[in-house]
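Please read all numbers here as calculations on a predicted model, not as lab measurements.
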Amino acid sequence: MSVLGWPEVVTLLTSVGFGVVSAVFPVVNAEAYVVASQVSAVAGPVSIAIGVALGQAVGKLLLFLAVRRGRESRLLRRRHDPPANRPVGALRTRLKIWIAWLLALVGNPRWGLPIVAIAAVSGLPPLYAVSLLAGATKMRAAWFVLVVAAGRLTRFVLVALGIGGLQHWLV
């Protein structure tokens, strides 16, 4: 059993940090980071994948908790109460119905965690949106973060090993 050296520790911490940032800001692409790290051979595929997956799980948990805490906020509740005399348009009505259906689906004990798992591994539906929806339901945060971490780890290991295999095949 070997002890991690400074380069491995720095790589792992950098990967976790990048994972958190990419989870909260969707324009920062975690898959591109994993691919670039494998092309540059900075570290092994599994250590990068673990770091980014843990960071993504933490970042998605932050989104989840932000929605959960925000929903309970008196300031937000008071701010979003619609005025009594304001008419509601057809588009807004359809959007409200669609969001209510998605909330019911993600909040369903039978379908919520499988939807989170599918989103974490495949990216469809987008995990960002699923994280926000899950935060508005009664889903347990511990189960949410475990499923996200396992799904993202699977995704990033497959991406990293796929790039490594492709490099081996091309050389």
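For residues 122-133, no pair satisfies side chain to side chain donor-acceptor pair (under 3.5 Å), with sequence neighbours left out. Note on residues 96-120: no pairs pass ring pair (Phe, Tyr, Trp, His ring centres under 6.0 Å), not counting sequence neighbours.
Legend: residues meeting side-chain contact (heavy atoms from CB on, under 4.5 Å) with Leu146, ordered by chain and number and at least two apart, are absent. For the side-chain contact (heavy atoms from CB on, under 4.5 Å) test, residues two or more places apart in sequence or in another chain that qualify with Leu113 are Met139, Trp143, Val147. Considering only residues two or more places apart in sequence or on other chains, Ile99 meets the side-chain contact (heavy atoms from CB on, under 4.5 Å) condition with Leu95, Leu103. Listed by chain and number, the residues in a ring-ring contact (aromatic ring centres under 6.0 Å, His included) with Phe144 are Phe64 (sequence neighbours excluded). Qualifying side-chain contact (heavy atoms from CB on, under 4.5 Å) partners for Pro114, counting only residues two or more places apart in sequence or in other chains: none.
Its side chain outside the 4.5 Å cluster rule for every partner, Val10 clusters with none of the Ile, Leu, Val, Met, Phe, Trp and Tyr residues.
You'll find the side chain of Leu133 stays beyond 4.5 Å of the side chain of Thr137, heavy atoms only. The side-chain heavy atoms of Ile118 and Leu124, taken from C-beta on, include no pair separated by under 4.5 Å. Side chains of Leu105 and Ile115 form a contact here, defined as non-hydrogen atoms less than 4.5 Å apart. Using a 4.5 Å cut-off on side-chain heavy atoms (C-beta onward), Leu127 and Arg152 make contact.
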In a table with atom names and distances, give each donor-acceptor pair under 3.5 Å that connects a side chain of residues 16-26 to protein atoms at least two apart or in another chain.
residue : atom : partner : partner atom : Å
Ser22   : OG   : Phe18   : O            : 3.2
Ser22   : OG   : Gly19   : O            : 3.0
Ser22   : OG   : Gln56   : NE2          : 2.6

* Go through Val52 and Tyr33 one step at a time and tell me if the side chain to side chain contact (heavy atoms under 4.5 Å, CB included) criterion holds. => CA-CA 9 Å; Val52 175; Tyr33 177 80; 3.5 Å; yes
